[in-house]
Each structure stands twice: as structure tokens, then as C-alpha cells.
Amino acid sequence: MERKKYVIFTAAGSGTRMKASEPKQFLLLDGLPVLHRSIFAFLDACPDVKVVTVLPKEHIARWEELCLKYPLNVPQRIVPGGITRFHSVKNALAKVPDGAVVAVHDGVRPLVSAALIREMFARMETCRALIPVLPVTDTLKSLDRGADGALKASGLPDPDRAMVYGAQTPQMFLSEELKAAYTLPYDTSYTDDASVAAKYGIPLSFIEGERKNIKLTTPEDMELAGYFLNLR
Ligand code: C5P
């Protein structure tokens, strides 16, 4: 039997690097909140996907207001976030049943294409975990900060660029396996779901990500996202 599809939107970060008065997932991007655009990307690709949204507790009322102003027209489970991304995803997974395919997507990646989402759900018929990655194009340096705060060579070898890839979202898993992985105790190295799944022993498969699927982090990213949207 075909597995049901779920998507968790992580949007419970503090977003201090955006330097905006409104949380970055609520900023308007070409007339629609960023988080709406991320959700619509999934609904366009897969209209029957079930939506779980994780937000800071103190922003849930604002999100409900925005959903009245800009209707989503799909049922949505709203979950309060946790202290780290790991804790936020763990809270959201409690709303996802076993036996589904679950995608976890950063709420601030509104430009993911419907084609990538569809292809990933299709590949999940034969994969246990699927992660979009891109080769790194910059040369990498191993640095740390001295007591005065200035950057300096760490003395460790620089990472070999040919062997390093950047991981994006959405990342997809079998829900019962990801829920089992999230019973692991928290570790600071868990900056995405693939790192938790790998630690638990779930074999990861990879797919080429998309350059335009940027994670909106700084004010410059908003400008870039506006530019990409207007190219569509
Ligand atoms: O930490 P980073 O900036 O990579 O955040 C990735 C995603 O995780 C963002 O969408 C952010 O809102 C989310 N997050 C969360 N709960 C936290 C911290 C981050 O949902 N406590």
C-alpha cells in the first residue's frame, strides 16, 4: 500500500541574522509570507501532503493571523518549537503516524521546485532516507578565532573541497525510522535530520539539490529570492 505523505516545516528558529522586526519566515516575499511560499511549493507538487508547521510558541498567534489574511486552504497541525532544531523536529514528529513518508523542510526555503519534491517522493518508494546535496564551490579553510576574536589558521588540514557537499532540505525518511532516530539523546552535531538518521544507522541516499533552493538567512538572501521569483 502506498505510504501517506507528510511534511514538517521547521520555522522555530530565532532568525537573528535577518535583522528584521518580523520573524524571517513571516516576511513578505513578492506579496506572500515566506512560510506560505514554502508550504505552497509542497502543495503544488503534491496536493494530498499533510502539513505540520513548527513555530516558536510566541509566534503561533501571529501565524494564525497571517493564515487568515493569506488562506492556505489546507488543514495544518501547528506545533510549538523546541530549544534547538532537533527538539523542534522531535515535537513535530509526534504528530506524524508510522508508515508514512515524512519530508522535513526549512520553512525559509521557499524556492524549492515542485519537480524536485515530486522526484524525491517518487524515489522514496525504494530509499530509506533521501538528502538533496550540492557540491561546494568555494575553497574551504580550517580556521578558528584567537583570544582577540580575530580569525587565524587552525593548524588542521583544510577540508578537500572535492569531498564536501552542502546538504539542503527537504530531507525525506520513512516516518517510523525517523521517529526511532529521534529517540537518540541530543548532540550539538545534529544540525539537520540526515545527521540524526545517520547516527541511528539509517542508510542515506543522495540526490542533486538546487542552487536556487536557498535558505533565507540574511537580508541579501531576501533580495536574491525576490530576483529568482520574478524570473519564474
Ligand atoms: O539553524 P538553522 O538556521 O540552520 O535553522 C534551520 C531551520 O531550523 C530553520 O527553518 C529554523 O527556523 C529551524 N529551527 C527550528 N527550531 C529551532 C531552531 C531552528 O525549527 N529551535
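First listed ligand is number 1; within each ligand, the first listed atom is number 1. For clarity, every value in this text was computed on a predicted model and none was experimentally measured.
In plain terms, the two heavy atoms of Thr169 and His105 that are nearest each other are OG1-ND1, 2.9 Å. Met124 approaches Leu130 most closely through the heavy-atom pair SD-CB, 3.8 Å.
No option in Val196, Asp193, Val54 other than Asp193 meets the side-chain contact (heavy atoms from CB on, under 4.5 Å) test with Arg85. A side-chain contact (heavy atoms from CB on, under 4.5 Å) with Leu55 is found for one member of Arg62, Gln25, Glu64 and no other, namely Gln25. The side-chain contact (heavy atoms from CB on, under 4.5 Å) test with Leu35 is passed by exactly one of Leu66, Thr53, Leu72, Val108: Thr53.
Distances from atom 17 (C) of ligand 1 to the heavy atoms of Arg85, Lys24, Gln25, Arg109 show the closest one on Arg85. When the heavy-atom distances from atom 14 (N) of ligand 1 to Gly13, Ala11, Gly82 are ranked, the shortest goes to Gly13.
At least one heavy atom of Thr84 sits closer than 4.0 Å to an atom of ligand 1.
Residue-ligand proximity, Ile83 to ligand 1, at heavy-atom distances under 4.0 Å covers atoms 21 (N). Listed by atom number, the atoms of ligand 1 under 4.0 Å from Ser88 heavy atoms are 15 (C), 16 (N), 17 (C), 20 (O), 21 (N). Within the listing of ligand 1, atoms 10 (O) sit less than 4.0 angstrom from a heavy atom of Gly107.
No cation-pi contact links Lys199 to Tyr190, judged by a cut-off of 6.0 Å to the six-membered ring centre and 45° from its axis.
Within the 4.0 Å heavy-atom criterion, neither part of Val54 lies near ligand 1.
Close N/O approach between Lys215 and ligand 1 is found [any backbone or side-chain N/O within under 3.5 Å]. Every N/O-N/O distance between Val108 and ligand 1 stays at or above 3.5 Å.
In this structure, the side chain of Ser88 does not engage the main chain of Thr10 through any donor-acceptor pair within 3.5 Å.
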